[in-house]
Amino acid sequence: MKMRMDYNNMLSDRIGKDGITKEQFEKAAGKIEKANKAMVEKRKAGKMAWRDLPYNQEAVVKDILDYVKKMKDDIDAFVVLGIGGSALGPMAVQQALNHPFYNELPRDKRGGFPKLYVLDNVDPERLVYFFQTVDPTRCLFNVISKSGSTSETMSQFMIIQKLLEEKMGKEASKKQIVCTTDAVNGNLITIAKAEGYKYFIIPSAVGGRFSELTPVGLLPAAFCGLDIKGLLVGAAQMDEACKVDDINKNPAHMYALLQYLSLQMGKNISVVMPYADSLKFISDWYAQLWAESLGKAVDLDGKTVNVGQTPVKALGVTDQHSQVQLYAEGPFDKNIVFLGVDEYRETITIPKTYGDMPSLGFLGGVTHNQLIKTEQDATEYAITKAGRQNMTITLPKVTAHTLGQLLYFFEVATAYAGELLNIDAFDQPGVEEGKNATYAMFGRPGYEEKKAELDAAPAKDKKYVI
Ligand code: PA5
């Protein structure tokens, strides 16, 4: 089963003056050649280690599956403590592949696997309420942090570690914690080794938002009974398609080029609109990948560029009743990526209850599968008629295999877009300022200068607080 991308409606031939022209493609030839070269060279130089993940994790997968087998019957819930790239992927994969009400199902209907929770935020209410609903001594807490030092994750870890030790004693509580982190960098690996926690390694050359196919995503997925080998096989299949130099045959490179050209035309917003609840959190995962990778102040030549494209998450058909009015008639500042599926996992038919009422009768005997698909087609038609750029990515069915293709596709597209924009897609300097300010506000040693800078900042004027 193969994912496909239809970009007809990005083109001027189809949508008129706001579409991408043949001349724009021709003009980009030099950039494409340069980007192709950079992708190959960077991969060879080990700067895109995430591209090897579909191939080099046999031992890791075995370790994960053995560990799941050993632990799963002793726990009620698997709880991820992580944020950003260490949380969004696990949520997206779980939502995509498992029952939408997985945690509500009785255990035998979950295949005997534990529930899954992802506690990414540090809103105090969340953690307190969470402990009102679960028995922590029956949970396995997966502390995920590539850097091993993220305040949100490490603070949750410290709270939970203390709680478990109080309830179970230090020794017994050790098996309730498993860490996923870098082999050398950060505090988490040091702690895991010192405390004797089980741990899994995130390869050091793989950055947070590109880490879903490492134990970051594979371990939570395996604990929920998902086919992690299938995810990797799907990714490997997409990798083959993404190695091709000819951009007309390379879906991820073409996606990036279309977005790049669209951006040049002032489309500063990239809407991703899945027509499947199962793919809803893929938009969240994509939003981080696209925003954090491509939103950059400075290019690779040191020039100030302030580039990027704002990802917007939407859901079909829900957002037809919310955002689509804006997409069809508002400013020409966005393109829309519809994410569809050919075959939903279930079918439900609308009864022929009100056959004599024309406004309801037409629905009788129609399936929700037909309704959602038709509404997707109709929205695509309306958006296209309004001359708005849009494209459609379709999965034949949402499976581990097609999901692996989709995740990998977006990762390659992001990296390629970075090359076209001539920026470093793998760093995130803009996130640092806020992190450093937090450290300074807490008086963390080493941040005295930042503290002085904060103290010297002008106070807010009360007259503007009403
Ligand atoms: O993509 C990134 O690097 C970030 O979004 C990280 O995933 C996020 O900040 C969490 O970092 P860490 O995994 O180091 O705790």
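Read the numbers this way: they start at 1 and go in the same order the structure lists the ligands and their atoms. All of these numbers come straight from a predicted model, not from anything done at the bench.
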For ligand 1, the residues whose heavy atoms come within less than 4.0 Å (ordered by chain, then number): Ile83, Gly84, Gly85, Ser86, Ser145, Lys146, Ser147, Thr150, Gly208, Arg209, Gln288, Glu292, Gln428

List the atom pairs, with distances to 0.1 Å, where a side-chain N or O of residues 305-316 and a protein N or O form a donor-acceptor pair under 3.5 Å, not counting sequence neighbours.
unit_1 : atom_1 : unit_2 : atom_2 : d
Gln309 : OE1    : Trp290 : NE1    : 2.9
Gln309 : NE2    : Gln259 : OE1    : 3.0
Gln309 : NE2    : Lys267 : O      : 3.0
Lys313 : NZ     : Asp284 : OD2    : 3.1

Summary of ring-ring contact (aromatic ring centres under 6.0 Å, His included) pairs that have at least one residue in residues 155-213, sequence neighbours excluded: Trp50-Phe210, Tyr67-Phe200, Phe210-Phe426

Summary of side chain to side chain donor-acceptor pair (under 3.5 Å) pairs that have at least one residue in residues 408-419, sequence neighbours excluded: Asn36-Tyr416, Lys42-Glu419, Arg51-Tyr408, Asp239-Tyr408

Flag for Arg209-Gln428: side-chain donor and acceptor within less than 3.5 Å: yes

Charged tip of Arg388 within 45° of Phe332 ring normal and under 6.0 Å: yes

Ring centres under 6.0 angstrom apart (Tyr255, Phe410): yes

